[in-house]
Q: 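Take a look at this one; I'll ask things after.
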Protein chains: 2
Amino acid sequence: MSEEHDGLEGETTRTALVSAAFELFAERGYDGATVADIAVRAGVGRRSFFRYFPTKEAVAFPDHEGTLARMVAYLRESAQDPDPVARACDAARLVMRMYAQNPEFSVRRYALTREVTALRTYEKTVVWRYERALASYLDQRFATLPDGGIRAGVIAAGIVAAHNHGLRAWLRSGAHGDVAAAVDRALELVRRTWTDRGDPVVVIARPGTPAWRLVQEIETAHASDGRA
Amino acid sequence: MSEEHDGLEGETTRTALVSAAFELFAERGYDGATVADIAVRAGVGRRSFFRYFPTKEAVAFPDHEGTLARMVAYLRESAQDPDPVARACDAARLVMRMYAQNPEFSVRRYALTREVTALRTYEKTVVWRYERALASYLDQRFATLPDGGIRAGVIAAGIVAAHNHGLRAWLRSGAHGDVAAAVDRALELVRRTWTDRGDPVVVIARPGTPAWRLVQEIETAHASDGRA
DNA sequence: TCGCAGTGTGGCACCCAGTACCCCATATTT
DNA sequence: AAATATGGGGTACTGGGTGCCACACTGCGA
């Protein structure tokens, strides 16, 4: 137990490892910094590094576990939402917000991830977990639909792709501009094409038909359009 | 140069490494078989293993490099196809056919990949390369569309998800049934929702209108529907 | 026939991530 | 004060991956 702590005890060693890692990655690059180096700078033993992070790559994505847990919780309480696709899009926005909370950190990590193969690989497994969460949620909601499983997988993949497209454009720009707007725009494309718009209604009206009659016709047609 | 060769020389050491690897994986599991073991059984030095495969995981996916190359070539010569989404779906079918060529091998690899984390991770990077190829192709074709980049990414992700859904259903079944049909069904969902169907045509015809007149109306309307 | 490059291979030696095991310090309990 | 849980440190080991060098073979020109 050393004399100098940065303040809080308990959660600090973890964050100390993260900042030490990113310092060293900036100084010597990812491969140039060993786990032993990181542990030394963080003031802990090498062995302790692996108590906090299962692999060296994991230290670069310290906040994804929590976000995934929040997403799963969010989806669990969304079992009754009338528009599952929109709800899944909202769940994806949780990830965007996590990135938006630390723009500088996110941008640095993005740059690092672009150039280090091991981190790109690890990132894919992280993204995969999000996609799986969305897909299994949609799968439940689509249980009664024909090809529900396929739809669920395809839509989940589309949501993740759209979300990441918007997010990465923002990251490439150096976190200038509005992330939420970029992600919203991308997600809206997915939501629009996959939320069931139903069949178009054709009303045949002879001249002289009152307007309220037309409205009534259209509304009853739309009302009977839902599959439920 | 040993006395016993299996026949062909030159390409054989690579395939020898692959079969040695799968033998040992079946006997001792993935982690139980070291690269040195594989090399010994294949009759080559440990160092030579890494001349043929960059990592231990890569030996489990020996045929994906070639398939990716074929997909890229196929897409390169598809620059004029009127229906890019359908073309991208066809490109994805190349992967399905590669799996269908060796059903037993594919099933065994699938089982192995399910239970070994390292292989699942590696598989994601493989899939990622296919998705990137499809996305960049669609991106070129959608260059003039608004949100073309987003569409490209989303559709590519959807195609990959649909393809893998059909493929994995077949693999889980032990390679019984028709892969092509399963993949076609899944891909058709994607193609249908993303190929521009244009606006529906409404023909107003009074009683007595001859049938050829109706057909003519509809066809001219459809002909002027394309964006080109 | 003799070099001589190019290429594929084996054999080290080495680095480092990740793990099993043991030990120690502190805190809590009895 | 002794015993016990707990969390972290240290050590040694396994195994993937790399750099380097030496060696064999092949084909080429002198």
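Just so we're on the same page: letters track the sequence lines, and every chain starts at 1.
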Q: Look for any protein N or O under 3.5 Å of an N or O in nucleotides 19-22 of chain D and output each such pair with its distance, or none.
A:
{"from": "D/dG19", "atom 1": "N7", "to": "B/Arg47", "atom 2": "NH2", "distance (Å)": "3.2"}
{"from": "D/dG19", "atom 1": "O6", "to": "B/Arg47", "atom 2": "NE", "distance (Å)": "2.6"}

Q: Is it true that the side chains of A/Arg120 and A/Thr113 contain a donor and an acceptor less than 3.5 Å apart?
A: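 There is no such pair (donor and acceptor under 3.5 Å, judged by atom type) between the side chains of A/Arg120 and A/Thr113.
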Q: Counting just side-chain N and O atoms, does B/Tyr52 come under 4.0 Å of either OP1 or OP2 of C/dT9?
A: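 For C/dT9, OP1/OP2 do have a side-chain N/O of B/Tyr52 under 4.0 Å.
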Q: Between atom CZ in B/Phe53 and atom C1' in D/dG15, what is the gap in whole Å?
A: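 Roughly 19 Å, once rounded to whole Å.
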Q: For A/Phe50 and B/Gly43, find the nucleotide of DNA chain C closest to each by heavy atoms; which residue's nucleotide sits nearer the 5' end?
A: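 Counting from the 5' end, the first nearest nucleotide belongs to B/Gly43.
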Q: Does the plane of the ring in B/Trp194 sit parallel, tilted or perpendicular to the ring in A/Trp194? Use 30° and 60° as the thresholds.
A: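 The arrangement is perpendicular - the two ring planes meet at more than 60°.
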Q: What pairs of nitrogen or oxygen atoms, one from the protein and one from nucleotides 14-16 of chain C, lie under 3.5 Å apart?
A:
none

Q: When the ring planes of B/His64 and B/Tyr99 are compared, do they come out parallel, tilted or perpendicular, using 30° and 60° as the limits?
A: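 The arrangement is perpendicular - the two ring planes meet at more than 60°.
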Q: Choosing from C/dT9, C/dG18, D/dG17, which nucleotide comes nearest the side chain of B/Thr55?
A: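 Of the candidates, D/dG17 comes closest.
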Q: Cation-pi check, B/Lys56 to B/Tyr122: give yes when NZ or CZ is under 6.0 Å from the six-membered ring centre and within 45° of the ring axis, no otherwise.
A: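 Ring-cation test returns no.
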Q: Which whole-number value in Å describes the distance from B/Leu17 CG to C/dT9 C1'?
A: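 In whole Å, C/dT9 C1' lies 12 Å from B/Leu17 CG.
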Q: Less than 3.5 Å apart, any donor N or O on the side chain of A/Tyr74 or A/Arg70 sitting next to an acceptor on the other?
A: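 Checked: A/Tyr74/A/Arg70 side chains show no N/O donor-acceptor pair below 3.5 Å.
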Q: In this structure, how many angstroms lie between the C1' atom of C/dA17 and the CD1 atom of A/Ile38, rounded?
A: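 Nearest whole value for this atom pair: 11 Å.
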Q: Supply the atom-to-atom distance B/Cys89 SG to B/Leu189 CG, rounded to the nearest 0.5 angstrom.
A: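 Reported to 0.5 Å precision, the distance equals 10.0 Å.
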Q: Assess the side chains of B/Ser78 and B/Asp81: does a donor N or O sit below 3.5 Å from an acceptor N or O?
A: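 Judged by distance alone, the side chains do not pair up.
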Q: In whole angstrom, what separates A/Tyr122's OH from C/dA17's P?
A: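 From A/Tyr122 OH to C/dA17 P: 15 Å.
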Q: Out of A/His163, A/Arg93, A/Arg191, which residue meets the side-chain hydrogen bond (donor to acceptor under 3.5 Å, both in side chains) rule with A/Asp184?
A: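 The side-chain hydrogen bond (donor to acceptor under 3.5 Å, both in side chains) with A/Asp184 is passed solely by A/Arg93 among A/His163, A/Arg93, A/Arg191.
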